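Keep in mind the model is a prediction, meaning the values are calculated, not measured.
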Amino acid sequence: MIDSHAHLFSEEFNFDLDEVISRAKANNVNKIMSVGFSIKTNDLAYDLASKYSMLYPTCGMHPSEAIYDIKELLTNLEDFIINHKIYAIGECGLDYHYDVDRNKQKILFEEQIKLAIKYNLPLIIHSRDAINDTYELLKKYPKCYGVMHCYSGSKEMALKFLDLGFYISLGGPVTFKNAKTPKEVASIVPLDKLLIETDSPYLAPMPNRGKRNEPSYVRYVLEEISKIKNVDILELDKITENNTIKLFKLEANRA
Ligand code: NI
């Protein structure tokens, strides 16, 4: 399995990251995307990936960073892209859940779409309560590609993102008993467009809902989707691994 989205630099892992990584390996997780989302965490995500070769670093500016100077964020990000081997731009996107100026969010997001095209990198998209605006911005740029991370929108919108060529990544919420929409989305996403993730330390799947999430739990996501789609779990594992490797151009051995 590949966990296509985790934040292992988070302080929740300060005391036992070695064990977390060992448990991931023991549960057949062989690669983890180390996803940054700010000036500070882009550095942390990269540094961790230098220490653990199963981690593949990304860098981006989360919409909540739009409270800061946008120009400065973007200059910092482009410098980072130029000077580091990274595998995606993100996470970036739009988040209307919190009160952050929407215009500034859109500028920050759109500029990262342009950077992704300029450096031919996939995008990791965060979208919360902003699915229509997210779609409209991505649609403007036919050359951009990537993944809708921990996708939480409707199946109708999922089809539209699939039309743009985007992958759909599902995480912990697909395992929640009352999660009708993510389960519907899982049922309609074509196998060759599906990724799995944890978003560790957030959004732990059943039966660990509410606890700290970690990459080894990605197996619960895989299990649930294999039931929903009625696809053999080993086959689904192979397919989602291949999808992730293809999207992010992951080498077999990074070290
Ligand atoms: Ni995340």
Residues two or more places apart in sequence or in another chain: which of them pass salt bridge (charged side-chain N to carboxylate O under 4.0 Å, His left out) with [X]?
{"X": "Lys139", "result": "Glu136"}
{"X": "Lys177", "result": "none"}
{"X": "Glu156", "result": "none"}
{"X": "Lys106", "result": "Asp133"}

Pairs involving [range], ordered by first then second residue, that meet ring-ring contact (aromatic ring centres under 6.0 Å, His included) (sequence neighbours left out):
{"range": "residues 151-172", "result": "Tyr135-Phe161"}
{"range": "residues 5-33", "result": "His5-His7, His5-His149, His7-Phe9, His7-Phe37, Phe9-Phe37"}
{"range": "residues 95-116", "result": "none"}

Do other residues, nucleotides or ligands put more than 12 heavy atoms under 6.0 Å from Tyr68 OH? no
Would the number of heavy atoms belonging to other residues, nucleotides or ligands and lying under 6.0 Å from CG of Asn83 be above 12? yes
Of all residues at least two apart in sequence or in a different chain, which pass the side-chain hydrogen bond (donor to acceptor under 3.5 Å, both in side chains) check with Tyr220? none
Which heavy atom of Ser200 sits nearest a heavy atom of Asp3, and at what distance? OG-OD2, 4.2 Å
Enumerate the salt bridge (Lys or Arg N to Asp or Glu O under 4.0 Å) contacts for [range], please, sequence neighbours excluded, ordered by first and then second residue.
{"range": "residues 226-249", "answer": "none"}
{"range": "residues 68-77", "answer": "none"}
{"range": "residues 108-121", "answer": "Glu78-Lys118, Glu110-Lys140, Glu111-Lys114"}
{"range": "residues 195-224", "answer": "Asp16-Arg212, Arg23-Glu214, Lys183-Glu224, Arg212-Glu214"}

Short side-chain donor-acceptor distance under 3.5 Å, Tyr87 and Glu251: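 Per modelled atom types, Glu251 and Tyr87 side chains form a pair under 3.5 Å.
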